[in-house]
Amino acid sequence: MQFTKSNAKIQRDVHSLLNKYPTVMSLVNDIVQQNGRSFLVGGAVRDLLFGLPIKDLDIEVYGLSPQELEKLLSRYGSVDLVGKVFGVFRVQNLDVDWSLPRIDMAGRKPEVIIDPSMNIEQALRRRDLTINAMAIDLSMYTLIDPFGGLNDMRNKILRTPDPVFFIEDPLRFYRVMQFISRFEMYPEEQLNELCKKMDISKVSVERIDEEFRKLMLKSNNPSLGIRWIKSISRLNNILPELAALVDVMQSSRWHPEYDAFEHTMQAVDAAARLKYDSDDNKLIVLLAALCHDLGKATTTEQIEDEWRSFGHSKAGVEPTKQLLKRITRNKELIETVAKMVRYHMQPIQFVESDAHLSAYKRLATKLAPHVTLDMLAKLALADQQGRNPHGHEPIDKRDTRIDIFLQKAEQAHVLHKTEKPILSGRDLLDVIEPGPHMGKLLKKAYELQIEEGIKDKQELKRRVLSKQ
């Protein structure tokens with residue numbers, strides 16, 4: 001077994017981390033008293049060595065039975081038994097997973113065998129990648145690295161500790177995808193060959209959703225994972241709507257970066273580097289960047305020696321829905337992203353046509369409630385920045401038309417919200433009974449309010465009633 005004696009930095013980092021969990025060290029000492037050993041494992045070790053923030057602690061306990069560990073943990077509070085069948089425990093109000101070494105048998109409903117006497121090296125061998133197959137002994141602060149994960153981190157290489165165990169869990173294919181993007185590490189040839197041949201047809205959409213969220217939300221270059229899927233010839237199998245953009249030519253006047261696939265990859269990376277109010281908004285914009293030009297696959301044609309894609313934004317709505325159904329069951333998210341794809345050309349078109357403020361107000365209403373003009377502007381900016389002919393990095397340049405769009409939207413007071421209707425149902429109760437007719441009048445009143453800039457409630461009421 002390969003041990004790396006903890007240096008001063010690792011000791012400081014572990015000490016600083018555990019200071020946030022004072023109960024943990026007490027538990028670790030109790031486990032030692034019971035002739036057990038505790039190891040920090042998995043992503044927490046990896047992120048500690050990368051110098052990244054650590055949100056979740058996973059501690060694996062050796063030498064104790066499930067009953068002994070549960071009894072010990074119960075001294076510190078109520079023990080959550082939800083994960084007991086998997087050898088995982090939680091003490092209430094302590095954000096730490098305490099697990100026992102286990103063997104997960106292959107299959108959709110794998111049998112779990114808990115083995116407290118298992119060797120730490122044997123347990124780590126079952127993990128997906130060497131960068132996740134390291135542990136820190138919490139008694140001695142010793143880094144245990146039997147498969148060279150630390151060296152792989154330094155060399156930016158993704159390897160598996162054991163090819164046989166790797167292919168038992170097809171979800172690991174998608175984990176490789178998102179690790180490539182998050183850590184900008186690259187699989188060695190054996191791992192590539194495994195992933196080329198893995199049967200991933202049984203992975204549930206819910207699990208795929210989790211990995212794509214990490215791909216989009218936790219990396220500066222989400223395209224890296226998707227480019228990798230293409231490089232091992234699985235893009236058509238996983239995201240055929242996106243694969244259809246490969247070699248779809250574009251006008252070099254507007255798109256010097258080559259085909260629609262390359263443009264899309266650069267646009268996704270550009271979108272990932274913008275600032276967002278929330279992860280939900282970021283996910284919407286990045287997925288929209290991924291899908292915004294899917295319509296080019298069916299609308300692109302050569303007209304007078306120039307490639308054109310008339311109507312591609314509208315044509316992209318259905319393939320967007322089809323692609324997203326492969327990676328999420330969130331119907332609201334799918335419809336929201338499809339709406340952004342439908343209108344992704346509007347910011348540039350609005351500025352070039354010098355659209356009135358009322359047009360901005362109408363567009364804000366069409367996009368509501370989950371998309372704002374600010375989010376649409378981010379998508380448009382990413383679209384403009386994804387046009388680098390000299391490499392894969394998006395260009396670091398703002399399009400002045402996007403800034404004008406933002407200014408006009410702010411001027412119309414609809415950058416982050418829609419204009420609030422002046423007239424409500426209660427304002428019409430003296431002349432109209434509640435029902436479909438009232439709903440139609442209120443819709444018409446809102447249209448008049450936006451189109452003509454009417455601010456006076458009584459004037460708006462008079463106008464709408466005169467048109468019924």
Side-chain angles (χ1 to χ4, degrees), residues 1 3-6 9-104 112-147 149-150 161:
M1 183 182 296
F3 289 89
T4 303
K5 187 176 181 179
S6 298
K9 183 180 185 306
I10 291 179
Q11 289 183 340
R12 287 195 305 271
D13 290 345
V14 174
H15 183 71
S16 176
L17 173 64
L18 295 182
N19 274 342
K20 302 174 185 176
Y21 303 86
T23 305
V24 167
M25 289 316 298
S26 295
L27 274 163
V28 167
N29 290 332
D30 287 351
I31 290 168
V32 171
Q33 293 294 321
Q34 300 266 347
N35 296 317
R37 297 180 71 187
S38 302
F39 299 89
L40 186 67
V41 296
V45 177
R46 177 197 68 223
D47 291 347
L48 182 80
L49 297 175
F50 266 129
L52 298 172
I54 298 172
K55 295 183 178 179
D56 302 304
L57 289 190
D58 292 307
I59 297 177
E60 205 155 76
V61 179
Y62 291 71
L64 300 184
S65 69
Q67 296 76 19
E68 289 171 329
L69 178 58
E70 182 180 355
K71 183 177 179 181
L72 190 153
L73 293 173
S74 66
R75 300 176 189 173
Y76 294 85
S78 299
V79 178
D80 182 359
L81 303 181
V82 174
K84 187 177 181 180
V85 68
F86 299 108
V88 179
F89 300 85
R90 264 190 175 249
V91 179
Q92 287 187 4
N93 301 319
L94 182 60
D95 192 19
V96 178
D97 283 345
W98 300 84
S99 62
L100 294 161
R102 70 179 195 251
I103 299 173
D104 297 330
V112 175
I113 301 173
I114 297 172
D115 183 4
S117 63
M118 184 185 296
N119 181 284
I120 180 70
E121 180 178 355
Q122 182 184 356
L124 292 175
R125 179 180 291 277
R126 305 188 71 87
R127 292 185 174 264
D128 53 2
L129 299 167
T130 59
I131 62 171
N132 295 324
M134 296 181 283
I136 292 177
D137 187 320
L138 294 179
S139 297
M140 300 182 291
Y141 287 3
T142 301
L143 177 66
I144 299 174
D145 182 17
F147 306 105
L150 183 60

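Sequential numbering from 1 along the given sequence is applied to the chain's residues.
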To the nearest 0.5 angstrom, please state how far the CD atom of Gln34 sits from the CG atom of Leu69.
10.0 Å
Mind checking the CD1-CG spacing from Ile10 to Leu17? Nearest 0.5 Å is all I need.
12.5 Å
In chain order, what residues pass the salt bridge (Lys or Arg N to Asp or Glu O under 4.0 Å) check against Asp56, with sequence neighbours excluded?
none
With a 6.0 Å cut-off (strictly less than), is the heavy-atom count around CG of Asn19, excluding the residue itself, greater than 12?
yes
Heavy-atom side-chain proximity of Leu100 to Pro66 below 4.5 angstrom
yes
Arg127: what forms a side chain to side chain donor-acceptor pair (under 3.5 Å) with it, not counting sequence neighbours?
none
Atom CD1 of Ile131 and atom CG of Asp128: how far apart are they, to the nearest 0.5 Å?
8.0 Å
With sequence neighbours left out, the residues meeting side chain to side chain contact (heavy atoms under 4.5 Å, CB included) with Ser74 are Val79
Is the shortest side-chain heavy-atom distance between Leu40 and Leu18 below 4.5 Å?
no
Name all residues meeting the side chain to side chain donor-acceptor pair (under 3.5 Å) criterion together with Ser117; count only those two or more places apart in sequence or in a different chain, and write none if there are none.
Asp115
Heavy atoms of Glu60 and Ala123 approach each other most closely as OE1-CB, 4.0 Å
Residues two or more places apart in sequence or in another chain: which of them pass salt bridge (Lys or Arg N to Asp or Glu O under 4.0 Å) with Arg125?
Asp162
Check Tyr62 against Met118 and note the closest heavy-atom contact, atom names and distance.
CD2-O, 3.1 Å
Sorted by chain and number, sequence neighbours left out, salt bridge (Lys or Arg N to Asp or Glu O under 4.0 Å) with Lys9 holds for Asp13
Could you tell me which residues satisfy side chain to side chain contact (heavy atoms under 4.5 Å, CB included) with Val96, sequence neighbours excluded, listed by chain and number?
Tyr21, Val24, Leu57, Ile59, Leu94, Trp98
Minimum-distance pair of heavy atoms, taken over all atoms of Ala133 and Pro146:
O-CD, 3.9 Å
Which residues pass the ring pair (Phe, Tyr, Trp, His ring centres under 6.0 Å) test with Phe50, not counting sequence neighbours?
Phe183
For Asp97, the side chain to side chain contact (heavy atoms under 4.5 Å, CB included) test, sequence neighbours excluded, returns Asp58, Val88, Arg90
One should read off an interatomic distance between Ile144 CD1 and Glu121 CD, to the nearest 0.5 angstrom, of 10.0 Å
Val28 versus Ser139, closest heavy-atom pair with distance
CG1-OG, 4.2 Å
Smallest separation among heavy atoms of Ser38 and Val61, with atom names:
OG-CG2, 4.2 Å
Between OG1 of Thr130 and CG of Leu150, what distance do you get to the nearest 0.5 Å?
10.0 Å
Enumerate the residue pairs fulfilling salt bridge (Lys or Arg N to Asp or Glu O under 4.0 Å) with a member in residues 24-34, sequence neighbours excluded, ordered by first and then second residue.
Asp30-Arg75
Rounded to the nearest 0.5 Å, how far apart are OG of Ser26 and CD1 of Ile31?
11.0 Å
Could you tell me which residues satisfy salt bridge (Lys or Arg N to Asp or Glu O under 4.0 Å) with Asp137, sequence neighbours excluded, listed by chain and number?
Arg37
Quick one: list whatever passes side chain to side chain contact (heavy atoms under 4.5 Å, CB included) with Asn29, sequence neighbours left out.
none
Go through the steps for Met134 and Leu49 under the test side-chain contact (heavy atoms from CB on, under 4.5 Å), then give the verdict.
CA-CA 10 Å; Met134 296 181 283; Leu49 297 175; 3.7 Å; yes
Nearest heavy-atom contact between Ser65 and Glu68 is N-OE1, 2.9 Å
